Amino acid sequence: MLDIKQRISEILAEIIPALDSGEIKQMLEYPPNDEMGDVALPCFKLSRILRKSPIQIAEELAGKIPADPKIAKVEAVSGYLNFFLDKEEFVRDVLSTALNKGNEYGSRDMGKGRNIVIDYSAPNIAKPFHVGHLRSTAIGNSLYRIFNFLGYNSIGINHLGDWGTQFGKLIVAYKNWGSKDSIENGGIKELMAIYVKFHEEAEKDPSLEDEARDWFVKMEQGNEEALQLWQWFKDISLKEFQKVYDLLDITFDSQAGESFYEDKMPPVIEELREKNLLTESHGAMIVDLEEYNMPPCLIIKKDGSTLYATRDITAAIYRKNTYDFDKCIYVTGAAQSLHFEQWFKVIELMGYDWHDKLVHVPFGIVSLGGEKLATRKGKVVLLEDILAEAIKKTLKIIEEKNPDMDESEREEIARQMGVGAVVFSDLSNNRIKDVSFSWDEILNFDGETGPYVQYTHARTCSLLKRAETDVDPNFDASLLTTKEEFRVIKTLYLFPDIVVSAMEDLEPSIITRYLVDLAQDFNRFYHEHSILVEDEALKNARLALVLAVKHTLANGLNLIGLSAPERV
RNA sequence: GCGUCUGUAGCUCAGUGGAUAGAGCGUUGGACUCCGACUCCAAAGGUCGCAGGUUCAAGUCCUGUCAGACGCACCA
């Protein structure tokens with residue numbers, strides 16, 4: 001597919017000797033509305049270089065543009081040089097590219113041979129999987145798919161929170177208030193209950209905290225009783241997490257959690273010592289970061305046990321050796337920004353030149369009725385419950401609208417759309433924004449939602465099915481002349497660049513919002529014009545457009561982790 | 001106190017330094033004998049937190065300020 005800005009910048013470079021085509025391409029933009037043209041060059045910056053008024057420059061340039069089959073006309077309007085594309089050429093080019101590439105439309109091989117490690121989801125063992133974890137999971141999964149689509153080799157890691165002092169707390173809680181039966185029956189909810197109980201009791205009796213720390217020290221020393229309990233808690237949790245991942249249709253390449261690095265930390269600590277980075281402070285071992293304006297990075301606590309920074313540093317070195325990553329991406333809450341800044345700096349101080357390949361991708365916090373989610377206080381909404389509600393609601397709608405659909409299909413589609421609604425909503429806003437969880441909002445299927453885009457996709461499928469004939473790839477592009485059709489095609493043209501932007505900004509919401517735009521453009525066209533018309537040539541041309549939209553919606557939905565069912 | 005992030009329509013949010021700041025929800029009024037109405041059209045609704053500055057041009061960049069969120073040593 002022709003790169004329109006590239007082509008125009010090359011043409012302009014011929015008649016503006018002062019600039020090369022790369023510089024000119026940077027200056028080109030898409031005008032705010034179709035009446036102004038398809039690509040524009042604002043001439044204000046040229047004014048200084050050429051020592052003429054922008055208006056004069058635009059007019060002179062307009063007169064010098066050579067005839068080009070891709071460009072229908074050029075206009076100078078108050079300092080802007082506006083290019084109008086030859087519609088027929090453009091329509092043919094965009095649609096045949098989208099049709100040829102099909103479910104590959106928008107993909108590239110720009111990342112060929114490069115590994116991208118993405119660390120996401122990472123729920124804590126023995127704690128419930130709640131709305132907060134959804135963000136990391138959904139964003140990470142989407143980035144995983146986006147990088148793969150662009151030819152990179154994504155490696156998804158679920159860095160499970162399966163090690164640390166909270167297990168000491170859990171062991172103490174279990175010994176005091178738990179029982180084998182209640183945990184077996186209650187699962188994570190029961191584990192959470194005794195964890196909450198621990199914090200309530202610890203407020204009255206702070207010695208419980210010390211007891212918990214002791215148990216974690218025992219774990220690190222290989223105490224059998226402690227490790228058995230730990231393994232048990234872990235098994236129960238993993239089983240429940242898997243249910244959520246199955247619903248979300250998410251898999252990982254590795255589930256090596258924090259405990260995996262337990263035996264890999266001592267050499268790293270030794271390395272830090274050898275490189276003279278460790279200092280003792282208040283009985284703990286730290287890396288001093290004062291000259292970088294940061295608080296120290298704690299490596300070993302005064303009781304000899306390790307911290308998450310120790311594990312993160314160890315894991316990064318391990319991953320570099322194992323995967324030789326081009327980037328190692330951490331999808332976690334913005335609250336942890338300082339932590340990542342600190343240990344990224346430690347990696348740099350250790351002399352590793354790949355420190356700049358470590359990337360923190362932060363996201364805003366999820367609050368609940370103005371308060372933040374807190375496992376320790378039991379103030380959470382379980383993701384499992386949200387997904388179940390969304391699926392239930394979808395099922396009800398399908399039963400009303402599509403009563404003839406058979407039960408197994410109905411249930412599968414309800415899952416795809418219910419889950420889709422929740423994930424889509426999570427990926428709608430810029431990830432850095434805080435979100436306030438609301439049942440009403442997450443279960444609202446009207447407007448800019450996952451169901452809206454999925455419905456539009458199903459609508460394209462329905463049209464293609466009703467046509468009862470395959471789209472002839474030799475469609476007549478000259479028949480697609482309405483402004484609604486051209487609008488859709490311009491939006492289709494943007495898709496490959498949209499995917500790259502989402503990758504560069506590590507921002508899945510760019511794709512989410514694009515899908516809404518495309519669906520809106522398509523629905524407007526659909527409403528204005530009949531597609532299954534008598535005229536075979538016109539019908540075929542419009543169906544080509546429908547098919548291109550179908551591919552693009554499906555590809556985009558896939559990139560944000562949603563299914564694109566053919567019927568809904 | 002220091003640091004980071006956020007502040008745009010009643011609400012939730014878009015907006016690569018460029019032309020008249022855009023969507024959805026909600027409100028009001030329309031469009032189904034018609035390809036799937038989970039759709040579409042229209043109206044109303046804005047001192048882009050505030051004040052300076054840079055620029056031919058600022059919602060966008062800089063400085064200050066206010067408000068909110070988050071973080072700042074043995075939790076992750």
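By convention in this document, chain letters (A, B, ...) are assigned in the order of the sequence lines, proteins followed by strands, and residues within each chain are numbered from 1. Only a predicted model underlies this, so the values are computations on that prediction, with no experimental measurement involved.
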message: What's A:His360 touching, base or sugar-phosphate or nothing? Going by heavy atoms closer than 4.0 Å.
response: nothing
Sugar-phosphate only, base, or nothing, as touched by A:Gly164 at under 4.0 Å among non-hydrogen atoms: sugar-phosphate
task: Report which part of the nucleic acid A:Ser78 touches: base, sugar-phosphate, or nothing (heavy-atom distance under 4.0 Å, all strands).
output: nothing
task: Sort out the partner of B:rG17 for me: Watson-Crick or G-U wobble, both distances under 3.5 Å, none otherwise.
output: none
query: With sugar-phosphate meaning primed atoms plus P, OP1 and OP2, does A:Ala467 contact a base, only sugar-phosphate, or nothing at under 4.0 Å between heavy atoms?
result: nothing
- request: Please determine, for B:rC2, whether a Watson-Crick or G-U wobble partner exists with both distances under 3.5 Å, and give it or none.
  value: B:rG71
- prompt: Is A:Arg487 salt-bridged to A:Asp34, going by a charged N under 4.0 Å from an acidic O?
  reply: yes
query: Starting at CD of A:Glu290 and ending at C1' of B:rG3, how long is that distance when rounded to a whole Å?
result: 15 Å
task: Starting from P on B:rU16, measure out to CD1 on A:Ile4 and report it in whole angstrom.
output: 22 Å
query: Is a side-chain donor-acceptor pair under 3.5 Å present for A:His360 with A:Thr332?
result: yes
task: May I ask you to evaluate whether A:Asn429 reaches the phosphate of B:rC13, defined as a side-chain N or O under 4.0 Å from OP1 or OP2?
output: yes
message: Between B:rG49 and B:rG26, how far apart are the two P atoms, rounded to whole Å?
response: 26 Å
- prompt: What is the nucleic acid contact for A:Asp312, judged by heavy atoms within less than 4.0 Å: base, sugar-phosphate only, or nothing?
  reply: nothing
message: Below the 4.0 Å mark, does B:rG7 have OP1 or OP2 next to a side-chain nitrogen or oxygen of A:Lys433?
response: yes
message: For a quick check of understanding: with a heavy-atom distance under 4.0 Å over all strands, which category does A:Val516 fall into, base, sugar-phosphate or nothing?
response: nothing
message: Go nucleotide by nucleotide along RNA chain B from the 5' end; which of A:Asn33 and A:Arg466 gets its closest nucleotide reached first?
response: A:Asn33
- prompt: Just to confirm, is there a sub-4.0 Å distance from OP1 or OP2 of B:rA37 to any side-chain nitrogen or oxygen of A:Tyr526?
  reply: yes
query: When you compare B:rC48 with B:rG10, how far apart are their P atoms, in angstrom units rounded to a whole number?
result: 12 Å
query: Nearest-Å distance, CG (A:Asp404) to P (B:rG36)?
result: 13 Å
query: Given atom CD of A:Gln342 and atom P of B:rG71, what is their separation to the nearest angstrom?
result: 14 Å
field: Nearest-angstrom distance, C1' atom, B:rC75 to B:rG15
entry: 39 Å
message: By the 4.0 Å heavy-atom rule, please label A:Arg213 as base, sugar-phosphate, or nothing.
response: sugar-phosphate
query: So what does A:Gln26 touch, heavy atoms closer than 4.0 Å: a base, only the sugar-phosphate, or nothing?
result: nothing
- prompt: Nearest-Å distance, CG (A:Asp434) to P (B:rG71)?
  reply: 11 Å
- prompt: Does a nitrogen or oxygen in the side chain of A:Arg459 sit under 4.0 Å from OP1 or OP2 of B:rC35?
  reply: no
- prompt: Is A:Lys45 near enough to B:rG17 that one of its side-chain N or O atoms lies under 4.0 angstrom from OP1 or OP2?
  reply: no
message: Please classify the nucleic acid contact of A:Arg431 as base, sugar-phosphate, or nothing, using heavy-atom distances under 4.0 Å.
response: nothing
- prompt: Starting at CE of A:Met294 and ending at C1' of B:rU4, how long is that distance when rounded to a whole Å?
  reply: 12 Å
P spacing across the pair B:rA42 / B:rG24, given as an integer number of angstrom: 10 Å
message: Does B:rG36 have its OP1 or OP2 closer than 4.0 Å to a side-chain nitrogen or oxygen of A:Ser462?
response: yes
- request: Can you establish whether the number of heavy atoms outside A:Asp205 located under 6.0 Å from its atom CG is more than 12?
  value: yes
- prompt: For A:Pro31, which contact category applies under a 4.0 Å heavy-atom criterion: base, sugar-phosphate, or nothing?
  reply: base
statement: What one should report as the nearest heavy-atom pair of A:Asp426 and A:Arg135 is OD2-CA, 3.1 Å
message: Looking at B:rU65, which nucleotide sits across from it as a Watson-Crick or G-U wobble partner, both distances under 3.5 angstrom, or is there none?
response: B:rG49
message: The side chain of A:Arg48 is closest to which nucleotide in this list: B:rG36, B:rC56, B:rG71?
response: B:rC56
message: If I pick the C1' atom on B:rC62 and the same atom on B:rA23, what distance separates them, to the nearest angstrom?
response: 30 Å
task: Tell me the partner of B:rA23, counting only Watson-Crick (N1-N3 plus N6-O4 or O6-N4) or G-U wobble (N1-O2 and O6-N3) with both under 3.5 Å; none if nothing fits.
output: B:rU12
message: For a quick check of understanding: with a heavy-atom distance under 4.0 Å over all strands, which category does A:Ile531 fall into, base, sugar-phosphate or nothing?
response: base
query: Does B:rA76 have OP1 or OP2 sitting under 4.0 Å from an N or O in the side chain of A:Arg311?
result: yes
message: Check this for me: does the side-chain of A:Asn82 come within 3.5 Å of the base of B:rA19 through a donor and an acceptor?
response: yes
task: Taking only the side-chain nitrogens and oxygens of A:Arg513, find out if one of them lies under 4.0 Å from OP1 or OP2 of B:rG24.
output: no
- request: Salt-bridge test for A:Lys345 and A:Glu291: reply yes if a basic N is under 4.0 Å from a carboxylate O, no otherwise.
  value: no
message: Salt bridge or not between A:Lys73 and A:Glu75? Use side-chain N to carboxylate O under 4.0 Å.
response: yes
task: Round to a whole Å and report the spacing from CD of A:Glu484 to P of B:rC41.
output: 9 Å
statement: Heavy-atom nearest nucleotide on RNA chain B taken for A:Phe525 and for A:Gln166; more 5' hit belongs to A:Phe525
message: Please give the distance between the P atoms of B:rG7 and B:rA14 as a whole number of Å.
response: 8 Å
query: With a 4.0 Å cut-off on heavy atoms, is A:Tyr308 in touch with a base, just the backbone sugar-phosphate, or nothing at all?
result: base
- request: Please determine if a side-chain N or O atom of A:Tyr514 lies less than 4.0 Å away from the OP1 or OP2 oxygen of B:rA23.
  value: no
field: Residue A:Leu338, side-chain heavy atoms: nucleotide from B:rC72, B:rU16, B:rC40 that is nearest
entry: B:rC72
- prompt: Is the shortest distance from a Lys or Arg side-chain nitrogen in A:Glu200 or A:Lys197 to a carboxylate oxygen in the other one below 4.0 Å?
  reply: no
field: Atom C1', compared across B:rU63 and B:rA21: separation rounded to whole Å
entry: 25 Å
field: Gap in Å between the two P atoms, one belonging to B:rC25 and one to B:rC61, rounded
entry: 30 Å
message: At 4.0 Å (heavy atoms only), tell me whether A:Asn430 reaches a base, stays on the sugar-phosphate, or touches nothing.
response: sugar-phosphate
- request: Return yes if the base of B:rA76 and the side-chain atoms of A:Thr332 contain a donor-acceptor N/O pair under 3.5 Å, otherwise no.
  value: no
query: Counting any heavy atom closer than 4.0 Å, what does A:His282 reach on the DNA or RNA strands: base, sugar-phosphate only, or nothing?
result: base
- request: Please round to the nearest 0.5 Å and tell me the distance separating atom OG1 of A:Thr314 and atom CD of A:Glu258.
  value: 11.0 Å
Short N-O contact, A:Arg542 and A:Glu485, less than 4.0 angstrom: yes
- prompt: In the strands shown, is B:rC40 matched to any nucleotide by a Watson-Crick or G-U wobble pair with both distances under 3.5 Å, and which?
  reply: B:rG30
query: For A:Leu515 and B:rG24, what is the distance between atoms CG and C1' respectively, to the nearest whole Å?
result: 15 Å
query: Looking at A:Lys52 and A:Glu60, does any basic side-chain N land under 4.0 Å from a carboxylate oxygen?
result: yes
